[in-house]
Amino acid sequence: MTIEFIDRHNMLPPGTKVLAALSGGKDSVYLLRRLLDLAPERDLTVQAAHLNHRLRGAESDRDEQFVRDLCASWNVPLHIGAADVPAYAAEHGMGVEEAARALRYAFLESVRQDAGCDVIATAHQAEDQTETMLLNLARGAGARGLAGIPPVRGHIIRPILNISQEEILRDLSARGIAYVEDSSNRDDRFSRNRLRHQALPALASVNPRFAVHAAAAAETLREDDAYLQAQADAFLRAHYRDASLPAAELAALPRPIGTRVLRALCGPALDRAHTEQLLRLCAQTQRRSIDIPGQTVHYDQGRLWFGPAGGAPIIPTPLTPPGGSCLAGDYRISWEMLQCGDEIHNSFNTFDLNREKINGTVYVTEKRDGDRIRLAGRNCTKTLKALFQERKLTQRQRRTQPVLRDDAGVLAVPGFGIAERCLPEPGAAVIRVSWKEYKEIGG
């Protein structure tokens, strides 16, 4: 454990209350001993926690007794817990390793809060970092995955992440400090163990300090990723509006920044193939929309729009007495039957339709080819296509724009106005229609 590494990541400022995760293995015993060595200098308060996973029968109980004896001899307050890992794994549809990890971290966080500790220190070391990098590489990870285990994540700190197993063993041996061995670490059915027993020795034969160099490379990759992500975040703050981005500016970004911008909007399920398609979409060289996990991205008027493929379907809905509401596109349409007084509503979001001048039943529908309207106060008749072009609506907005119509044609278009032929008069029976966006969807 090096002071330079700890201070670089601000892990243990003076007065920190530390909860050490203690399995009884060599790494966690080394971590606890080094924390205790540092405690007087940094005014640290050190406690330990051990979770008996009950996966190895008598061996698990042996580990628990070992940490009890160790903490008693070192005068360290110890918190013990137990868990039924197989039952938890079966209940939540998880693998045993994943379930054990979830239960372990939940236990540690619970103890941290109850004990009033500031941080949880775990004993991940350089070989653990190397194994994680190689596993992520085998699974097709990019720079972020190759950065491996972070030194700090929330309340979790990893003070010995840059220390090799060889150094740990040498220190424990020199001090005559005992530890226990976990027999499951010899089981090559686990992919991490296969790496540990086969790949790492081969790499160490090329350079004995491979694990330390790999841990240093991971830290460099993490720093690079943090910088690139900061650039991506700045681009988003400057250009993201109404769930859209300017396509030309996005395409002009250096690829490492552009891919992070897209990942921030599309989520971790965005793969390399989707990223390439989205960047090509910026130039409209292939198509105008792309389906990716969980959403559709489409190009319109020089921007990429991110979001669902469309709002609620516009199913023809009659405006029947005495009133009601429905979802249409991106809007909620509400209506009621009234006797109009002196106040007549004719705004962009609420309007009154003269019931005596309506032909048949009023319906909420989508736009249809050839639709036209003579808007009140405009002294001209225009197609809805022309109105939408004037407003510069995107193709998506046009698809999700509701229209009110009767048997004679269009009566009103929310956001644009009502037809001159159905203007109300004081005292007339009206259908009062209101509309509002029911969720935030850009474009």
Side-chain angles (χ1 to χ4, degrees), residues 1-2 4-12 20-21 23 25-28 30-31 34 95 97-98 100-102 104-105 108-109 119-169 182 185 188 190-232 256-257 259-260 263-264 267-272:
M1 188 164 73
T2 62
E4 185 274 333
F5 181 75
I6 289 170
D7 288 347
R8 177 153 31 102
H9 297 286
N10 194 32
M11 293 184 187
L12 296 169
S23 68
K26 57 184 176 299
D27 300 334
S28 67
Y30 171 82
L31 170 66
R34 295 293 284 123
E97 283 185 286
E98 183 184 5
R101 183 181 185 279
R104 183 166 59 254
Y105 277 101
L108 290 170
E109 177 58 22
V119 295
I120 298 165
T122 67
H124 295 92
Q125 34 84 343
E127 273 79 5
D128 294 322
Q129 180 69 290
T130 305
E131 292 160 11
T132 299
M133 294 173 68
L134 293 174
L135 281 171
N136 289 345
L137 178 62
R139 293 164 180 160
R144 184 163 299 174
L146 293 179
I149 306 168
V152 177
R153 177 181 286 156
H155 294 296
I156 307 293
I157 64 170
R158 300 179 171 99
I160 63 171
L161 196 57
N162 65 331
I163 303 299
S164 71
Q165 192 171 101
E166 180 185 4
E167 184 176 344
I168 290 170
L169 289 170
D182 182 342
N185 288 336
D188 277 359
F190 300 115
S191 55
R192 187 175 286 272
N193 285 348
R194 292 197 299 276
L195 279 175
R196 185 177 300 152
H197 300 151
Q198 300 170 35
L200 263 62
L203 292 165
S205 71
V206 177
N207 186 331
R209 290 183 57 78
F210 169 78
V212 174
H213 293 322
E219 189 159 7
T220 299
L221 284 168
R222 189 173 301 105
E223 292 168 352
D224 290 349
D225 181 66
Y227 173 79
L228 293 169
Q229 188 60 52
Q231 299 301 304
I257 298 174
T259 57
R260 283 165 173 80
R263 193 181 299 122
L270 187 72
D271 60 21
R272 186 182 296 273

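Values below: every heavy atom of this structure, side chains too, minus hydrogens, waters and symmetry copies. What you are looking at is a predicted structure, and each value in this text was computed from that prediction instead of being measured.
Between the CZ atom of R153 and the OH atom of Y105 there is a distance of 8.0 Å, given to the nearest 0.5 Å. Distance check: T132 OG1 to L146 CG gives 11.5 Å after rounding to the nearest 0.5 Å. Taken from CG in D27 to CD1 in I160, the straight-line distance is 5.5 Å, to the nearest 0.5 Å. Atoms CD and CD1, on Q129 and I149 in that order, are 5.0 Å from each other to the nearest 0.5 Å. Between the CD atom in Q125 and the NZ atom in K26 there is a gap of 7.5 Å [rounded to 0.5 Å]. Remark: L200 CG to L134 CG distance equals 6.5 Å, nearest 0.5 Å.
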Distance-only donor-acceptor hits, side chain of residues 201-218, under 3.5 Å, sequence neighbours excluded:
residue : atom : partner : partner atom : Å
S205    : OG   : A202    : O            : 2.4
N207    : OD1  : R209    : N            : 2.9

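Residue-environment remark: CZ (R194) exceeds the threshold of 12 foreign heavy atoms within 6.0 Å.
The two residues G145 and N136 come nearest to each other via the heavy atoms O-ND2, 2.8 Å. Contact between A232 and R260 at its shortest, heavy atoms only, is CB-CB, 3.8 Å.
Scanning for ring-ring contact (aromatic ring centres under 6.0 Å, His included) contacts around H9 gives F5, with sequence neighbours left out. Contacts of R8 classified as salt bridge (Lys or Arg N to Asp or Glu O under 4.0 Å), with partners at least two apart in sequence or in another chain: E4, E219. Every salt bridge (Lys or Arg N to Asp or Glu O under 4.0 Å) that E166 has, sequence neighbours left out, goes to R170. For E109, the side chain to side chain donor-acceptor pair (under 3.5 Å) criterion is met by R112, Q113, not counting sequence neighbours. For S164, the side chain to side chain donor-acceptor pair (under 3.5 Å) criterion is met by no residue, not counting sequence neighbours. For E98, the side chain to side chain contact (heavy atoms under 4.5 Å, CB included) test picks out M94, with sequence neighbours left out. Qualifying side chain to side chain donor-acceptor pair (under 3.5 Å) partners for S23, counting only residues two or more places apart in sequence or in other chains: S28. Not a single salt bridge (Lys or Arg N to Asp or Glu O under 4.0 Å) links D128 to another residue, sequence neighbours left out. By the side chain to side chain contact (heavy atoms under 4.5 Å, CB included) test, A226 is found to be paired with no residue, residues two or more places apart in sequence or in another chain being considered. Scored by the salt bridge (Lys or Arg N to Asp or Glu O under 4.0 Å) test, D182 finds R56 as partners (sequence neighbours excluded).
Checking side-chain atoms of Q231 against main-chain N and O of I257 turns up no donor-acceptor pair under 3.5 Å. In terms of modelled atom types and a separation under 3.5 Å, the side chain of R158 and the main chain of H124 share no donor-acceptor contact.
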Audit row: T220, D224, side chain to side chain contact (heavy atoms under 4.5 Å, CB included) steps and yes/no: CA-CA 6 Å; T220 299; D224 290 349; 4.0 Å; yes
Derivation and outcome, side chain to side chain contact (heavy atoms under 4.5 Å, CB included), residues T2 and N162: CA-CA 8 Å; T2 62; N162 65 331; 3.1 Å; yes
Mind running side chain to side chain contact (heavy atoms under 4.5 Å, CB included) on L195 and L135 for me, showing each step along the way? CA-CA 8 Å; L195 279 175; L135 281 171; 3.4 Å; yes
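Identified under the salt bridge (Lys or Arg N to Asp or Glu O under 4.0 Å) test for residues 195-208, with sequence neighbours left out: E131-R196.
For the pair L161/I163, no side-chain contact is recorded, criterion being any heavy-atom separation below 4.5 Å from C-beta on.
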